[in-house]
Every structure is written in C-alpha cells, then in structure tokens.
Number of protein chains: 2
Amino acid sequence: MKTKSAVNALAALAQESRLEIFRLLVRKGSTGMAAGDLSTHFGMPPATMSFHLKELNNAGLVISRRESRSIIYSANYEQMQQLLGFLMENCCADNGGKC
Amino acid sequence: MKTKSAVNALAALAQESRLEIFRLLVRKGSTGMAAGDLSTHFGMPPATMSFHLKELNNAGLVISRRESRSIIYSANYEQMQQLLGFLMENCCADNGGKC
DNA sequence: TTCATATTTCCAATATTATCGAAATAATGC
DNA sequence: GCATTATTTCGATAATATTGGAAATATGAA
C-alpha cells in the first residue's frame, strides 16, 4: 500500500458517520446491507448516505453489488488488513526492534 | 475506545504529512525525534510541524518529553493498538463469524 | 409504456482544516 | 540579566469536506 491510498482510506474513516457505517458493515460480513437500509438505520437523507458510501468505495474500504433494485454494500476486509499493516510497517526498526 | 476518539486518531493520520511523520516515529521507537529535527527532515516550517505534532498529540498517537531545550516526540503504540482493534471489533458477528 | 421504488449526481451553502510568517514562551549558558 | 536556541501560539488566507434538496438515472412490476 502506498501513502496516498492509505491517506484516502484513513480520511474515509475519519468521519463519525462513515466510521459507524463502516463498522456496521464490518459486523454484517459478506451479507452486507442495502444503501437505503443504511440510510434508514442512521436516519440520514439518501443523498448524504450516498455521498458517504461513495467515499468509502473510492477508498476501497467497501464493495457494492446490485441485487434487483437495491445496491448492497459490504466491507472489503483485504483493504482493511492492508491499511492496518501499513500503519505498523517497520515498527521500531531504527531502535533495534525495541518499542 | 469510543467512536469520537477513534475519529480523532483517524483524522490525525488522514493527512499525508502527518501520516509520514507518524510512520517515521513508529520506525524510531522509544528513542523518538525532536520537533526541530522532524521539521528539518521534512523540509517544513517549524510552525507547520508544530501544528501537525499537536494534532497527533491531541489524538493520543504520540507522546512528548522535554530534553533540555528540545521536545522529543515518539509514537504511542498502545493508542495505535487500540485503534486497530476498534476498527475490526465484532468482525462478521452478524454473519455467524463468516467474513 | 407508465408507475413506483432505489440510488446517485448536481449544486450551493456551510463548516472544517492546512499553511506559514511573525510574535510569544521556554530552557540554557555566559 | 542578556543572548541564543528550540518550540509553540496567534492570526490571516487558502484549500477541502460535509450537508441535503431537487433533478437525473436505473430497475422491476403492472
């Protein structure tokens, strides 16, 4: 993972609504949740929810699939794992591995 | 960890300069690095570096100690671990643990 | 094809964040 | 106390993000 893509992912999560949306999707697993249901669940206008989902999607943190009229979002665990790894990369390398 | 403190930590990291500063401090371990040296290292005015270090400090991601005239910053690994844990909390719990 | 439902895009207003020069604060040595 | 070095705060400007109504797009059903 490159710095820019890490910044994108972190910026996507650095917003209260989006962090809660993402964490709910993390709970939901591969089943995911429809955009409209998320909108209802968080009491947020569809336009606002759509904006947040787009941010998470651009950051690669969620994936979407169409199911009939709904669009189902789910967490992208691979991207998440990459981000976590990036943040701890080379931990204490310049200190003889001592943290 | 609460949502608000996670948002603070993520927002602190969601900025290219700060993410690089933090990652350098992660490498440095407990030895850390002086504010002025960081300023020189990144070719950034002291006022700008100070602003970024304050953000990281407010988020609990770095700690500082005075050593004579210098202020030494180092990464706070505990806070980092808490953040990583928070992001993956209850992973797939609503899907029978299947991701 | 017409209607209802689901979601996204457009746009403008508002709010938040980043940058950095200049001035202020803090510690040390003479 | 005065000069030097290290860092932070202040304040103004510029850049970026958030919000949500209204209109546009896409799917499915009658």
Side-chain angles (χ1 to χ4, degrees), chain A residues 3-25 28 31-76, chain B residues 3-25 28 31-76:
Chain A
T3 300
K4 291 224 163 115
S5 100
V7 167
N8 279 347
L10 290 163
L13 296 172
Q15 205 279 342
E16 197 161 348
S17 302
R18 280 198 299 269
L19 181 56
E20 287 307 315
I21 293 165
F22 179 74
R23 273 162 49 82
L24 179 52
L25 292 178
K28 290 290 170 185
T31 305
M33 208 165 160
D37 291 345
L38 285 165
S39 176
T40 304
H41 184 275
F42 288 103
M44 185 183 289
T48 305
M49 179 56 70
S50 190
F51 167 78
H52 287 313
L53 289 171
K54 190 175 155 191
E55 294 288 303
L56 288 168
N57 193 63
N58 286 343
L61 288 164
V62 301
I63 54 181
S64 65
R65 63 181 193 271
R66 182 175 278 278
E67 263 180 30
S68 180
R69 272 182 285 207
S70 295
I71 295 183
I72 313 290
Y73 285 86
S74 51
N76 182 0
Chain B
T3 299
K4 291 223 161 110
S5 99
V7 167
N8 280 346
L10 290 163
L13 296 172
Q15 206 279 341
E16 198 160 347
S17 302
R18 279 198 300 269
L19 182 56
E20 287 308 316
I21 294 165
F22 180 74
R23 272 161 51 82
L24 178 53
L25 291 178
K28 291 289 171 188
T31 306
M33 207 165 163
D37 292 345
L38 284 166
S39 176
T40 304
H41 185 274
F42 288 103
M44 186 183 289
T48 305
M49 179 57 70
S50 190
F51 167 78
H52 288 312
L53 289 171
K54 190 175 155 191
E55 293 288 302
L56 289 167
N57 192 63
N58 285 345
L61 287 165
V62 302
I63 55 183
S64 65
R65 63 181 193 271
R66 182 175 278 276
E67 263 181 29
S68 181
R69 272 182 285 210
S70 295
I71 295 183
I72 313 289
Y73 285 86
S74 51
N76 182 0

Closer than 4.0 Å, any side-chain N/O of Gln15(A) to the OP1 or OP2 of dT16(C)? no

Which whole-number value in Å describes the distance from Met44(A) CE to dT7(C) P? 15 Å

Expressed as a whole number of angstroms, how long is the span from Glu16(B):CD to dA18(C):C1'? 13 Å

Donor-acceptor pair, Ser39(A) side chain versus Ala35(A) backbone, under 3.5 Å? no

Spatial distance of atom CZ (Arg23(B)) from atom NZ (Lys28(B)) [nearest 0.5 Å]: 14.0 Å

Mind checking which nucleotides bracket the chain A contacts on DNA chain D, 5' to 3', with an atom under 4.0 Å from a heavy atom? dT18(D) to dG28(D)

Distance below 4.0 Å between His52(B) side-chain N/O and dT19(C) OP1 or OP2: yes

Once you round to the nearest 0.5 Å, how far does CG of Leu10(B) lie from CD of Glu16(A)? 11.5 Å

So, taking the atom named CG in Leu53(B) and the one named CZ in Phe22(B), what distance separates them when rounded to the nearest 0.5 Å? 12.5 Å

Say you draw a straight line from CG of Leu25(A) to CG of Leu38(A); how long is it, rounded to the nearest 0.5 Å? 5.5 Å

Write down the protein N/O and nucleotide N/O pairs, taken from nucleotides 8-13 of chain C, whose separation is under 3.5 Å; answer none if there are no such pairs.
unit_1: dT8(C); atom_1: OP1; unit_2: Tyr73(A); atom_2: OH; d: 2.3
unit_1: dT8(C); atom_1: OP2; unit_2: Ser50(A); atom_2: OG; d: 3.1
unit_1: dT8(C); atom_1: O5'; unit_2: Ser50(A); atom_2: OG; d: 3.3

Quick check: closest heavy atoms across Gly32(B) and Ser74(B), and the distance to 0.1 Å? CA-CB, 3.9 Å

Any heavy-atom pair between the side chains of Asn58(B) and Asn8(B) that's under 4.5 Å? no

Identified side chain to side chain contact (heavy atoms under 4.5 Å, CB included) counterpart of Tyr73(B) within the set Val62(B), Asp37(B), Ile63(B): Val62(B)

May I ask you to decide if His52(A)'s main-chain N or O and Arg18(A)'s side chain share a donor-acceptor pair within less than 3.5 Å? no

Could you check whether any side-chain heavy atom of Ile21(A) comes within less than 4.5 Å of a side-chain heavy atom of Met33(A), counting everything from C-beta outward? no

Nucleotides 26-30 of chain C: which of its N/O atoms have a protein N/O under 3.5 Å away?
unit_1: dT28(C); atom_1: O2; unit_2: Arg69(B); atom_2: NH1; d: 3.4

Test item: Ser64(A) side-chain N/O and Ile72(A) main-chain N/O as donor-acceptor pair under 3.5 Å: no

At under 4.0 Å between heavy atoms, what does Ala34(A) touch on the DNA or RNA strands: base, sugar-phosphate, or nothing? sugar-phosphate

